[in-house]
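To start, the structure under review is shown below, and the notes come after it.
Everything quoted here is computed from the prediction, not taken from an experiment. Values reported hereafter were calculated over all heavy atoms of this structure, with side chains retained and with hydrogens, waters and symmetry mates removed.
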Amino acid sequence: MIYIGLAGWGDHDDLYEGTPSHAKLETYSSFYPIVELDSSFYAVQPLRNMEKWARETPPGFQFIVKAYQGMTGHQKGSAPFDTKEEMFQAFIASLQPLLTAGKLAMVLCQFPPWFDCKKEHVDYIRYVKEQLKDIPCALEFRNQTWFTTDMRERTLSFMKEENWIHSICDEPQAGIGSIPTVLHATNEEKTLIRMHGRNRHGWNDPGNGKWRDVRYLYQYKNHELEEWKRNLELLKNESKTIYMIFNNNSGGDAAGNAKEMISLMDIEYTGLAPRQLNLFSE
């Protein structure tokens, strides 16, 4: 099965005409069967939030939960936890409503550009996996040293041995802080694909403090999505379930590109939330 969705549900204005903010997730889940939950990166979410999101989505809906920033080395300044163990315990506890509802697809551990390929970092990845125990976990790098000619096969073998889901990226090749698209699954059950856009000039642009607005400013062309249709057909032979997230939303392009991809793959999802019809729709 191939599930296609977006990073977050709050910013896709073309989905929500006339929709109040409190109903956005429910409306989102009438279009897509999965979503990447990004708020968990900035703060470990309280149970009431996770319970609410599980309650607002249909039974088959799935969340890809981004790991808290302190778990992946992004944390700047003081953390709200006394120990790493306490941090991981709090994060795991926050997942319980999704686990109980059967709505947790995986936890995404995305490591920063400065997290390069060396023994210290390999050991830390092992530590993270041990802390998260049996929770399905995806691993995404942002440093090219993991996929150099010498290291690529070793990195993939390591991920397979440690039971990591490979987070395959589509992103511009813009120096050491970007990675190539490596079309290999490391987990027979699940593979994650994240579509970051191909804005090579904007990838490393600080954007006067608004780097996120610049980095993900990209609209995929039809021939690029056709390329991914072929890629998905290949990956289907390596992994039972593929999750594809469009993260190119600086210009509001993610929702449209995801719909195009669903159409290209000739997918019709069942079990979505009921679509709210416009008052004057036929």
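S29 OG to Q62 CD: the interatomic distance, rounded to the nearest 0.5 Å, is 12.5 Å. In this structure, the separation between CD on Q219 and CD on E224 is 9.5 Å, given to the nearest 0.5 Å. Atom CG of L139 and atom CG of L108 lie 9.0 Å apart (nearest 0.5 Å). To the nearest 0.5 Å, the span separating CG on L104 from CZ on F63 amounts to 9.5 Å. For the atom pair T181 OG1 and D170 CG, the distance stands at 4.5 Å (nearest 0.5 Å). One finds the CH2 atom of W146 at 8.5 Å from the CZ atom of F111 (value rounded to the nearest 0.5 Å).
Although no hydrogens or angles enter the test, the distance criterion places no donor-acceptor pair under 3.5 Å between the side chain of T241 and the main chain of K190. N143 places no side-chain N or O within donor-acceptor distance of the main-chain N or O of G177, the cut-off being under 3.5 Å. Listed for the T186 side chain is no donor-acceptor partner under 3.5 Å among the backbone atoms of L156. Side chain of Q144 to backbone of I179: no donor-acceptor contact under 3.5 angstrom is found. Side-chain N or O atoms of S30 include none that pairs as donor or acceptor with a backbone N or O of P274 at under 3.5 Å. Between the side chain of S239 and the main chain of K236, no donor-acceptor pair closer than 3.5 Å is present.
The environment of K240 atom NZ is sparse: at most 12 non-hydrogen atoms of other residues, nucleotides or ligands sit within 6.0 angstrom. Within a 6.0 Å sphere centred on CG of D123, heavy atoms belonging to other residues, nucleotides or ligands number more than 12. Within 6.0 Å of atom CD in E86, more than 12 heavy atoms from other residues, nucleotides or ligands are found, so the atom counts as buried in its surroundings. More than 12 non-hydrogen atoms from other residues, nucleotides or ligands lie less than 6.0 angstrom from CD of E85. Within 6.0 Å of NZ on K160 lie no more than 12 heavy atoms contributed by other residues, nucleotides or ligands.
Inter-residue side-chain proximity for R198 and Q173 is flagged as unmet; no heavy-atom pair is nearer than 4.5 Å. F246 places a side-chain heavy atom less than 4.5 Å from the side chain of Y220. Within the 4.5 Å cutoff, no side-chain heavy atoms of N187 are placed close to those of H166.
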Kindly list each side-chain donor-acceptor pair under 3.5 angstrom involving residues 43-56, sequence neighbours excluded, with atom names and distances?
{"unit_1": "Q45", "atom_1": "OE1", "unit_2": "N49", "atom_2": "ND2", "d": "2.9"}
{"unit_1": "Q45", "atom_1": "NE2", "unit_2": "S39", "atom_2": "O", "d": "3.1"}
{"unit_1": "Q45", "atom_1": "NE2", "unit_2": "A43", "atom_2": "O", "d": "3.0"}
{"unit_1": "K52", "atom_1": "NZ", "unit_2": "E56", "atom_2": "OE2", "d": "2.7"}

Side-chain donor-acceptor contacts of residues 5-12 below 3.5 Å, not counting sequence neighbours, with atom names and distances?
{"unit_1": "H12", "atom_1": "ND1", "unit_2": "N249", "atom_2": "OD1", "d": "3.4"}
{"unit_1": "H12", "atom_1": "ND1", "unit_2": "N249", "atom_2": "ND2", "d": "3.3"}
{"unit_1": "H12", "atom_1": "NE2", "unit_2": "G8", "atom_2": "O", "d": "2.9"}

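Using cut-offs of 30° and 60° on the angle between ring planes, the pair F141 and F147 is perpendicular.
Under the side chain to side chain contact (heavy atoms under 4.5 Å, CB included) test applied with Y243, the options I4, I193, I34, T191 reduce to a single match, I34.
Side-chain atoms of H196 and R142 include a donor-acceptor pair closer than 3.5 Å.
In this structure, E36 pairs ionically with R194, as a charged nitrogen and a carboxylate oxygen lie closer than 4.0 Å. A salt bridge is absent between E162 and K129; no separation between the charged side-chain nitrogens and carboxylate oxygens falls under 4.0 Å.
The minimum heavy-atom distance between P59 and K103, with the atom names listed, is O-CE, 3.8 Å.
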Please walk me through it: do Y124 and Y127 pass ring-ring contact (aromatic ring centres under 6.0 Å, His included)?
-> CA-CA 5 Å; Y124 184 71; Y127 170 79; 5.7 Å; yes
